[in-house]
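Accompanying notes for the structure given below.
These values consider heavy atoms only, across backbone and side chains, with no hydrogens, waters or symmetry-generated copies.
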Amino acid sequence: MTQITRDTKETQIKCTIDLEKSIDTKINTGVGFLDHMLDALSKHSGIAIDITCNGDTHIDDHHSVEDCGIVIGQALKKEIFPIQEVERYGNATVVMDEASTTCALDLSNRPYLVYEFNIFGKVGNFDVELVEEFFHALTLNAGITCHLIYDRGTNKHHIIEATFKAFAVALRRALVQNKKIGIPSTKGVL
């Protein structure tokens, strides 16, 4: 179990991540749609997330969304690395009604994000562009190489939710225990 706090002029965040899910998931970021997405991420990854964020949402949701990604990424990195006896790679395609998105990731300790989506606008009050900001912050801070690809769909809520779920399932698969592999790299370290 890892706890991270972040205190800036824009956000105050406290986050606990537990790969063993020995704590309850509790999410209160001040951004309703992000809460919904993080709940899905927790459920489908099998990772408990307890996060509270007090952010400057009177300006907009950007700082809260990005900083939550930073903190969750930092906590994941502490939970995952040094990596050993796990699959390391994970992928998933998740459908939600008409929408389909694909995630492929590598617990590489070399952060990189490929984000191929062509959706714009809002879901309620939530700016769709913040999804990329969240995953950029998370992958950069977690040390994950991640490719998120839009396959199809028209409903922005469905597309974004499928994206969070695809990431969650891919992460869960990458963390599957594999004692035979030891350190999953020919370099001997990640």
**Study point:** E133 (side chain) donor-acceptor with V65 (main chain) under 3.5 angstrom
**Key:** no
Exercise for review: Using salt bridge (charged side-chain N to carboxylate O under 4.0 Å, His left out) as the criterion, list what pairs up with R172, not counting sequence neighbours.
Suggested key: none
Review point. Near N178 CG, under 6.0 Å, is it more than 12 heavy atoms from other residues, nucleotides or ligands?
Key: yes
**Study point:** Residue pair H62 / E10, side-chain donor-acceptor N/O under 3.5 Å
**Key:** no
Review point. Do I160 and I119 come close enough that some side-chain heavy atom pair is under 4.5 Å?
Key: yes
Point to revise | Residue K26 excluded, over 12 heavy atoms near NZ under 6.0 Å | key: no
Review point. If you draw a 6.0 Å radius around NE2 in H136, do more than 12 non-hydrogen atoms from other residues or ligands fall strictly inside?
Key: no
Review point. Judged by atom type as modelled, is there a donor-acceptor pair below 3.5 Å linking the side chain of S45 to the main-chain atoms of I47?
Key: yes
Review point. Considering only heavy atoms from C-beta outward, does the side chain of F117 approach that of V128 to under 4.5 Å?
Key: no
Exercise for review: Check whether any side-chain N or O of T145 sits under 3.5 Å from a backbone N or O of R110 as a donor-acceptor pair, and report yes or no.
Suggested key: yes
Review point. Can you check whether A162's main-chain N or O pairs, donor with acceptor, with T101's side chain at less than 3.5 Å?
Key: yes
Point to revise | Exam field: side chain R6 to backbone V71, donor-acceptor pair closer than 3.5 Å | key: no
Review point. Is there a donor-acceptor pair closer than 3.5 Å between any side-chain N or O of R152 and the backbone N or O of S100?
Key: no
Check your understanding: Can you tell if the side chain of L34 reaches within under 4.5 Å of the side chain of C68, non-hydrogen atoms only?
Key -> yes
Practice item. Could you check if a side-chain atom of D97 sits within less than 4.5 angstrom of a side-chain atom of N155, using non-hydrogen atoms only? Key: no
Practice item. Return yes if some donor-acceptor pair links the side-chain N/O of E79 with the main-chain N/O of M1 below 3.5 Å, else return no. Key: yes
Review point. Are more than 12 heavy atoms from other residues, nucleotides or ligands located less than 6.0 Å from atom OH of Y112?
Key: no
Point to revise | Validation row: F164, F135 side chains within 4.5 angstrom (heavy atoms) | key: yes
Check your understanding: Taking everything shown except K78 itself, do over 12 heavy atoms lie less than 6.0 Å from its NZ?
Key -> no
Revision key, fill the gap. Contacts of F33 meeting ring-ring contact (aromatic ring centres under 6.0 Å, His included) (sequence neighbours excluded), chain-then-number -> F126, H157
Check your understanding: When you measure from the side chain of T163 to the backbone N and O of I159, does any donor-acceptor pair fall under 3.5 Å?
Key -> yes
Check your understanding: Would you say the side chain of L175 lies within less than 4.5 Å of the side chain of I80, judging by non-hydrogen atoms?
Key -> yes
